[in-house]
Amino acid sequence: MSAAALNLAPRAESAALPADSKIRNHLDWLESEAIHILREVAGECANPVLLFSGGKDSIVMLRLAEKAFRPGRFPFPLMHIDTGHNFDEVVAFRDMRTAELGERLIVRTLDDSIKRGTVRLHKEDDSRNAAQSVTLLEAIEEFGFDAAIGGARRDEEKARAKERVFSFRDEFGQWDPKNQRPELWNLYNTRVHKGEHMRVFPISNWTELDVWQYIAREKIAVPDIYYTHRRPIIRRNGLLVPVTRLTPPREGETVEEASVRFRTVGDITCTCPVESTAATPADIIAETAVTTITERGATRMDDQTSEASMERRKKEGYF
Amino acid sequence: MGMLGEINGKPGVAEDLGVLRFITAGSVDDGKSTLIGRLLYDTKAIFEDQLAAVTRASSKRGQDAADLSLLTDGLEAEREQGITIDVAYRYFATPRRKFIIADTPGHEQYTRNMVTGASTAHAAIILIDARKGVLEQTRRHTYIAHLLGVRHVIVAINKMDLVGHSQTVFDNIRASFLAFAMDLDIPNLRFIPMSALRGDMVVNRGADSESGGLDWYTGETLLQVLEGINVANDTVTRPARFPVQLVVRPGAGTDFRGYAGRLESGALAVGDEVTALPSGRSTTIREIVFLDRQLPVAVAGDSVTLVLADEIDISRGDVISSAARPPRAAKSIEARLCWLSADAPNATGRFVLKHTSRSVKAKLARLNDRLDINTFARLPSPATLAMNDIAHVTINLAQPIFADTYDTNRTTGAFILIDEATNQTVAAGMIEQL
C-alpha cells in the first residue's frame, strides 16, 4: 500500500461534490438498497430462489435483479407457487416476462399438494391463500433452497413492519417474531443450519406509492388488470367482489358492471378490485396519493378476519 | 397517501432530497407513540381503515378516543401484554423527501433495540417530557445516538401545554441538556418545544392558545427540520470505499468482467486511479456500468458495477478504494462493542466477524472496560458481558479486514459478531482504533 500512498494522481478526492452528481432521489435510494440486498443473497446464500407471481411487486423485483446482475444471468431461478386460483392475465404475463428475460421458472402447484394430501381444504372453493404456505415449504424442501426472495413490503401490514430484511425461518418454516436476529447497518446475518432458510425482502422499505412511482419511472409493464377495465362485480360487505368461475354471485345479489382496477392480484377468491378510471401509472400515482384506504384493506378479504390474521399466517410459513 | 404524488415519479426532481432515516428515543410516558402517530397522521400517512381498526381496538379496551399509540403496536403478543417487543419501521413522505422511522420500545432491552435502530439513522429525536426535564434516560439515549455516529440530534421538549408553554422551562431544560451533551461533540444539535398531543410544532405550528402558546418560538417545526437535513455531505466527501459483493462474469461469448457492489463513501469517476485490497494493486476505472447505461461518475450510495483497466485478482470481500487514501489493513482492532445476545460470550471467545462484504474468524482477545451507560463511568476489565452491555474490546482476526474508524466511516468502521454454533448475531461493533 505504500505505492498507493505515494500516488498523487490529480483526480484524488476533493472536498467538493462531483459536478455531475445529481441529488439521488428517494427512488434511487430505494433501488440501490434493494440491489445491494439482492447481491448479498447471491454472494452469501448457496441456493437461493426468487419468488415471482406476475404481481407488480415481484415484477419490480425482476427489474431490480436485472440491475443487480446484468450482463450476467440471475444467480437464482424464479419460482411461482400457483394456487390454481390465479387471474389468467397474470399467469400469461408471468410466462411472457420469464421468456423475455431468458431465466428459469419453477412452478409448483397447490393442486399437487392437495393430491399428496398435505393440503386439505375445508371446501373445494375455499381461499387457497393461506394453504399456499404448505406448497411453498414443500418446494423449498424439494430443491433445498436456503433463501427465498420475495417482494413483501413493511407498509403492507402491521406484522410486516417488524420483520427483518433477512428473516430467519426454522426447520418448520416458522417465523418467531419475538426471537428475530438484530439487523444493524447493512450487515446481514445470512447463516442458517441445514433445513432452515431465510426469507429475504429487498423492497421492505418501499410503500405502494414508491412501487408505482418506480413502475412509472422505469416504464415497467404490468398485467392489464392493474389498469382500469370494465368487469362484472358484486358489492359485498363494502368490497367489490369480481364475478368469476370461482366467485359466482350469491342468492339475491345483483351483478353490475363497473370500471375497476386491481391494487393487488392474489388468489381470485380473496382479491377484490377498486373502482377506478386510472389507465396509466401516472393516473395510479395520482389516485394512490389521495386514497384513504390501505392496499390490503380495500382488496383482501382474508386480512380482515382478525386483528392478527397476517401475523398468524406468517408464523406458519406464509410469506 | 402523503403528497409525494405531486412528484409524479419523475427522476431528478430537485425537491426530492431522497430518504431520511431517523430514530425516536423516549418512553411511552414521554409521548413517543403519540409523536409518531402525530407525524404519520398530519402527513396523511394514516389510512381510514387503519384508523378504524385502531378506534375499534381502543373501544374494545374501554378507551373513548382512538389511541394513536396503537398504530405502532404491531404484534398480537405485544397487544396482549401491552408492550412493544422490537424495532418497527414506519413510513411517511412529503414532497421534499421520504422518511423512514425506526420505532424502538423503551423497556429493559432498550439499549440493544436503540443501537439497532440508530445504526442506520441519519437523525435521532430525543424526547423529553417538559414536566420532568433531563432524566437519566435522556443521557442514555443521547449517548447511544452519539455512539452510533448519528450526526443530527433533535431534542423534542414535549408536553409544553402542560407547563403553560413556558419559555423559561424550555430554556432551563435546554441548558441542562447542553451541560452534559457538550462533551459528546454532536455536530448538529437542535431544540424544539412541542405538544405532540395537540400537534403543536410537529408538522404544523399549532393553534394559538389564550396564553399565546408557543408564539415565542420562532424556529422551525420538527418536520421542517427533518426535511432540511443534508445527509449527502456526511459520506460523499469521504475517501472512496467500494466493497466488492460479486464478480460479474457472464462468460460465453464475452470477456466482460465487472465488480458489483455499492459505493459506501466518496465518489468515483471513469479514469480515477483506484487500489484493490488485499492485493494492493492499483489501476484505473474503465467503465461504471448500471444495467444498460454507462455512468461518468458514481457517488456514495450508488449500487453499480465497476470495470477496471487492468486484470487484477479481485473477489467478494475485497475492497476497491481511493488510491490516494486507502483504508487500513488490520488483523487486530480496538472497538466499542454492544452485546446483543441474552447469552454471555461463549467460552472459546471465537466468533465470525462480518465487516462490509467480508467475513473472517475472530477472537475476543480482551475486555478492556465496560461503560456504565447511566453514569458514563468506565469499569475496567469486566469478567464477561451481558445483554445491553457496552464495552471496549480488543479483537484479533485470522485474516485482515480493510477498515476505517467508525467516526470517519459508518460503513467501513462497523461490524457484527456471529456465534457459529447458534448462528445468532451476538454483538455490534464500532472500530475505534486500527
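The structure displayed is predicted, hence computed values, not measured ones. Just so it is clear: chains get the letters A, B, ... in the order the sequence lines come, proteins before strands, and each one is counted from 1.
- Distance check: Asp28(A) CG to Asp302(B) CG gives 7.5 Å after rounding to the nearest 0.5 Å.
- Options Glu33(A), Glu66(A), Arg70(A), Arg154(A) differ in how many heavy-atom pairs under 4.5 Å they form with chain B, and the most are formed by Arg154(A).
- Here the straight-line distance linking atom CD of Glu40(A) with atom CZ of Arg262(B) works out to 9.0 Å at 0.5 Å rounding.
- The distance from atom OG of Ser303(B) to atom NZ of Lys67(A), rounded to the nearest 0.5 Å, is 11.0 Å.
- With a threshold of 4.5 angstrom between heavy atoms, Leu340(B) approaches chain A through side-chain atoms but not through N, CA, C or O.
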| task | Applying side chain to side chain donor-acceptor pair (under 3.5 Å), run through Asn186(A) and Glu264(B) and close with a yes or a no. | result | CA-CA 10 Å; Asn186(A) 56 359; Glu264(B) 298 293 358; 3.2 Å; yes
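- To the nearest 0.5 Å, the span separating CZ on Phe69(A) from CG on Leu246(B) amounts to 6.0 Å.
- Counted by atom type alone, Thr425(B) and Arg191(A) present zero donor-acceptor pairs between their side chains at under 3.5 Å.
- Here CG of Leu148(B) is found 7.5 Å from CG of Leu184(A). Values are rounded to the nearest 0.5 Å.
- In this structure the side chain of Thr254(B) never reaches within 4.5 angstrom of the side chain of Pro71(A), judged on heavy atoms.
- Using a 4.0 Å cut-off between charged side-chain N and carboxylate O, Glu183(A) and Lys354(B) make no salt bridge.
- A side-chain donor from one of Tyr91(B) and Asn205(A) sits under 3.5 Å from a side-chain acceptor of the other.
- No side-chain donor-acceptor contact under 3.5 Å links Asn423(B) and Glu196(A).
- The shortest non-hydrogen separation linking Trp185(A) to Phe415(B) is CZ3-O, 3.5 Å.
- Of the two parts of Ser315(B), neither the backbone nor the side chain holds a non-hydrogen atom closer than 4.5 Å to a non-hydrogen atom of chain A.
- Between atom CZ of residue Arg97(B) and atom NE2 of residue His26(A) there is a gap of 12.0 Å, rounded to the nearest 0.5 Å.
- Crowding of Glu171(A) atom CD: a count of heavy atoms from other residues, nucleotides or ligands under 6.0 Å not exceeding 12.
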